[in-house]
J.: 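My questions all concern the structure below.
The sequence lines fix the lettering, A, B, ..., with proteins before strands; numbering per chain opens at 1.
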2 protein chains.
Amino acid sequence: MVTLAEVARHAGVSASTVSYVLSGKRSISSATRLRVERSIQDLGYHPNAGARALASSKSNIIALMMPLRTDMYVPVMMEIAVAVATTARTHGYDVLLLTGAEGAPAVRRVTGSGMADAMILMDVELDDDRLPLLRESGQPAVLIGLPAETVGLTCVDLDFVATGALCAEHLAGLGHRDIAVIGEAPAVYERHTGFAERTLEGLRARARELDLRLLHRPSDGGYDAMAATLARIFDERPRTTGFVVQNESAVEPLLALLRRQGRAVPEDVSVVAVCPDPVAVHASVRLTSVAIPAQEMGRRAVEHVVAKLNGHGTDGIELLAPELTVRASTGPAPA
Amino acid sequence: MVTLAEVARHAGVSASTVSYVLSGKRSISSATRLRVERSIQDLGYHPNAGARALASSKSNIIALMMPLRTDMYVPVMMEIAVAVATTARTHGYDVLLLTGAEGAPAVRRVTGSGMADAMILMDVELDDDRLPLLRESGQPAVLIGLPAETVGLTCVDLDFVATGALCAEHLAGLGHRDIAVIGEAPAVYERHTGFAERTLEGLRARARELDLRLLHRPSDGGYDAMAATLARIFDERPRTTGFVVQNESAVEPLLALLRRQGRAVPEDVSVVAVCPDPVAVHASVRLTSVAIPAQEMGRRAVEHVVAKLNGHGTDGIELLAPELTVRASTGPAPA
DNA sequence: ACAATAAGTCGAAGCGCTTCGACTCACCCT
DNA sequence: AGGGTGAGTCGAAGCGCTTCGACTTATTGT
């Protein structure tokens with residue numbers, strides 16, 4: 001293990017000089033800089049992270065807290081995580097991965113130990129028990145998702161209200177009048193994760209303006225659950241011709257069931273999904289969808305966090321504008 | 001920020017005593033222990049991670065290197081990551097998330113800086129350029145996946161050869177003679193990620209023994225690619241009645257296409273998938289499958305790493321035995 | 001009864017780095 | 001010519017923790 005002191009000796013300078021070469025916080029003659037850099041190369045020196053953290057009280061680490069439930073909106077979470085990790089690297093930070101399993105205590109542990117300089121929380125619920133701790137810790141943090149009370153917090157999320165509105169507009173524009181919304185699993189609503197409710201809100205508001213009739217049904221994923229849900233929908237509203245689906249694991253079952261019932265997509269019924277683009281593209285019918293910009297969300301979260309760490313902090317909410325891509329699953333309402 | 005010294009003063013003992021209370025490395029009278037623990041509570045003390053790492057040259061962090069490609073076998077990766085993170089916590093470690101983007105240099109950075117005590121590499125290719133560095137760094141490491149050369153390495157993986165054999169046996173047992181294998185995307189084979197090839201190997205070996213005829217076709221995911229692949233398969237081997245699919249994003253398109261062609265599953269053709277259980281359960285036909293035990297892999301990887309860090313290290317390869325679950329997608333071959 | 005041992009505690013020396021103040025030289029301005 | 005300025009460098013003091021050796025007091029064996 002090569003130390004700074006050894007590099008200094010090798011280059012014939014003092015330790016502080018090497019440190020300044022590394023950090024650039026004081027001017028160094030280019031002659032010494034070069035000499036030091038050569039020594040660093042020659043010896044294969046890497047600064048010790050612990051020592052650095054201790055001396056500077058900066059860890060250069062951002063903690064990312066993921067939901068534990070590995071069965072839900074997984075691809076989105078994964079994309080966010082990867083985007084966070086890569087973006088963080090471009091700013092010189094590494095990412096510590098925390099799972100929701102520990103919950104609030106993890107926040108305390110990380111902020112208390114100086115293990116990370118900042119936190120990013122995913123899957124924030126409307127009334128999240130990690131937030132009070134976060135607030136009092138005073139540690140820079142960014143949420144991905146939108147809690148009920150956002151004072152003093154920075155949040156990044158897709159504008160789900162606008163997303164709902166967009167779906168309603170698209171279907172209305174094609175002449176559909178009866179719309180069924182296949183929502184997330186009931187558990188998601190019970191946890192009040194917010195985004196599902198916000199989509200619905202946007203959907204309802206615009207539906208009212210556009211004079212659509214809306215039926216909302218949460219649904220667990222899977223074929224059997226979907227079959228039951230679908231039966232109830234057509235029972236209540238036989239003239240339903242438009243579907244909005246916000247549940248990745250309901251998409252394929254829905255398509256399969258519609259096919260089996262002899263309803264052609266998009267000739268008889270139209271389907272709009274709210275899901276990541278890859279899911280929409282790989283589905284058995286290429287889906288018209290509003291993308292969940294997972295990468296963008298991860299990237300923006302890191303950028304906010306880094307800005308805070310550099311003092312250009314700005315609290316507030318950034319809602320990303322939704323984009324609807326028309327593919328093969330929506331068409332004019334049947335006459 | 002409360003320090004050890006303040007705790008010591010508050011409890012009326014020396015700093016070293018507090019340290020020993022924390023680490024349990026020397027015996028402490030229960031009276032002092034209690035006093036110190038109360039002080040820790042009262043002051044809300046959390047040891048500083050950097051200082052600890054510096055003094056003990058242990059970071060209590062395990063680095064996990066994930067593949068960058070967020071579009072492939074995502075749920076598996078995610079499950080592994082979460083399992084690694086939670087298991088690591090039970091052993092007192094945190095997890096640093098690295099993406100493959102940085103490649104080998106990341107290995108150097110992390111081992112060099114003492115940022116992590118050990119590494120876990122996912123998505124290891126047969127001839128992985130991170131391995132030489134890993135070997136020379138001498139840092140404890142575990143691979144998830146199986147490279148070509150495993151001397152001096154510890155690896156955890158599903159036994160894909162046995163997996164292939166298991167699929168062949170199951171279909172043969174049901175009377176199928178002509179089997180088509182829908183493999184991963186060609187890119188996967190080109191990268192020599194190994195597991196795809198090993199599955200095929202197991203499949204071929206057992207097929208020979210059981211006198212099955214096997215046709216292997218890699219396939220990109222998605223409906224259109226699958227349509228082309230499937231057409232070619234029935235063109236070459238019209239009597240194909242068994243399918244083995246090892247590509248999550250090919251599963252639904254395959255099922256959809258078979259339905260559209262009027263081939264009933266499992267009456268006319270049987271389908272066995274190699275995929276995580278949730279995928280098999282949520283598919284539009286509940287799939288007979290060999291599960292990819294992602295959680296188990298993550299857990300075992302951490303356990304090996306921790307064992308190494310504790311000196312009970314054992315190099316070697318641990319191949320998890322595959323298990324085939326019969327669901328609704330396989331049945332007797334048609335007469 | 002006395003050395004040997006164990007239990008419990010403390011002081012001090014670092015771990016490898018950052019950073020502050022101070023020092024030495026040019027060099028420039030008037 | 002003399003003081004001011006800025007560039008370039010060094011020394012030393014920590015950052016908060018672990019850990020080694022040493023010390024004090026009980027406890028044990030013979």
Side-chain angles (χ1 to χ4, degrees), chain A residues 1-37 39-40 43-61 92 94 109-117 309, chain B residues 1-37 39-40 43-61 92 94 109-117 309:
Chain A
M1 177 106 297
V2 189
T3 71
L4 207 174
E6 298 177 51
V7 173
R9 201 174 320 126
H10 186 272
V13 298
S14 76
S16 44
T17 300
V18 176
S19 178
Y20 287 124
V21 167
L22 253 31
S23 68
K25 292 193 179 173
R26 285 203 183 172
S27 49
I28 297 284
S29 70
S30 57
T32 16
R33 162 175 292 107
L34 247 55
R35 208 139 35 85
V36 169
E37 280 166 355
S39 297
I40 289 178
L43 301 179
Y45 168 72
H46 284 271
N48 181 88
R52 206 165 234 206
L54 177 55
S56 67
S57 37
K58 280 182 207 161
S59 61
N60 287 306
I61 287 182
D94 273 293
R109 197 167 55 82
V110 168
T111 67
S113 67
M115 192 175 264
D117 297 333
L309 290 172
Chain B
M1 177 107 295
V2 188
T3 71
L4 210 179
E6 299 177 51
V7 174
R9 200 172 321 127
H10 186 272
V13 299
S14 76
S16 46
T17 300
V18 177
S19 179
Y20 287 124
V21 167
L22 253 30
S23 69
K25 291 193 178 171
R26 285 203 184 170
S27 49
I28 297 286
S29 72
S30 56
T32 18
R33 160 173 295 108
L34 247 54
R35 208 138 34 84
V36 169
E37 280 165 354
S39 297
I40 290 179
L43 302 180
Y45 168 72
H46 284 271
N48 181 88
R52 204 165 237 204
L54 177 56
S56 67
S57 39
K58 279 182 208 160
S59 61
N60 288 306
I61 286 183
D94 273 293
R109 196 166 57 83
V110 168
T111 67
S113 67
M115 192 174 266
D117 297 334
L309 290 172

J.: Is T32(B) touching bases, backbone alone, or none of the nucleic acid, heavy atoms closer than 4.0 Å?
T.: sugar-phosphate
J.: Which heavy atom in G50(A) sits nearest to a heavy atom in A53(B), and how many Å separate them?
T.: CA-CB, 4.1 Å
J.: Do the side chains of I28(A) and T17(A) get nearer than 4.5 Å, heavy atoms only?
T.: yes
J.: So, for L54(B) and L54(A), which heavy atoms are closest and what is the spacing to 0.1 Å?
T.: CD2-CD2, 3.3 Å
J.: Mind checking whether T32(B) and Y20(B) have side chains closer than 4.5 Å, heavy atoms only?
T.: no
J.: Can you check the R26(A) CZ to dT9(D) C1' distance for me, whole Å?
T.: 9 Å
J.: Work out how much the helix from dA1(C)-dT30(D) to dT30(C)-dA1(D) bends between its end axes, five pairs an end, to the nearest 10 degrees.
T.: 30°
J.: Check whether any side-chain heavy atom of V21(A) sits under 4.5 Å from a side-chain heavy atom of V13(A), and report yes or no.
T.: no
J.: Residues of residues 51-60 of chain B with any non-hydrogen atom less than 4.0 angstrom from an atom of DNA chain C: list those, numerically ordered, please.
T.: L54(B), A55(B)
J.: Verify, without hydrogens or angle tests, whether S59(A) (side chain) and M115(A) (backbone) share a donor-acceptor contact under 3.5 angstrom.
T.: yes
J.: Which is more 5' along DNA chain D, the nucleotide nearest G50(B) or the one nearest T17(B)? Just name the residue.
T.: G50(B)
J.: Run I40(A) and L22(A) through side-chain contact (heavy atoms from CB on, under 4.5 Å) and show every step you take.
T.: CA-CA 10 Å; I40(A) 289 178; L22(A) 253 31; 3.5 Å; yes
J.: Does T3(A) reach a base, just sugar-phosphate, or nothing at all? Heavy atoms under 4.0 Å.
T.: sugar-phosphate
J.: Between Y45(A) and T3(A), which heavy-atom pair has the shortest distance, and what is it?
T.: CE1-C, 3.5 Å
J.: If you look at every strand shown and take non-hydrogen atoms under 4.0 Å, does S29(B) touch a base, only sugar-phosphate, or nothing?
T.: sugar-phosphate
J.: How far apart are the closest heavy atoms of L4(B) and A15(B), and which atoms are they?
T.: CD2-O, 3.4 Å
J.: Search all heavy atoms of G92(B) against all heavy atoms of N60(B) and return the closest pair with its distance.
T.: O-CB, 3.9 Å
J.: Touch check for S27(A), heavy atoms < 4.0 angstrom, all strands: base, sugar-phosphate only, or nothing?
T.: base
J.: Quick check for you: name the first and last nucleotides of DNA chain C, 5' to 3', having an atom under 4.0 Å from a heavy atom of chain A.
T.: dG16(C) to dA22(C)
J.: Under 4.0 angstrom, heavy atoms only, what part of the nucleic acid is L4(A) near: base, sugar-phosphate, or nothing?
T.: base
J.: Taking D94(A) for its side chain and I61(A) for its backbone only, find out whether a donor-acceptor pair lies under 3.5 Å.
T.: no
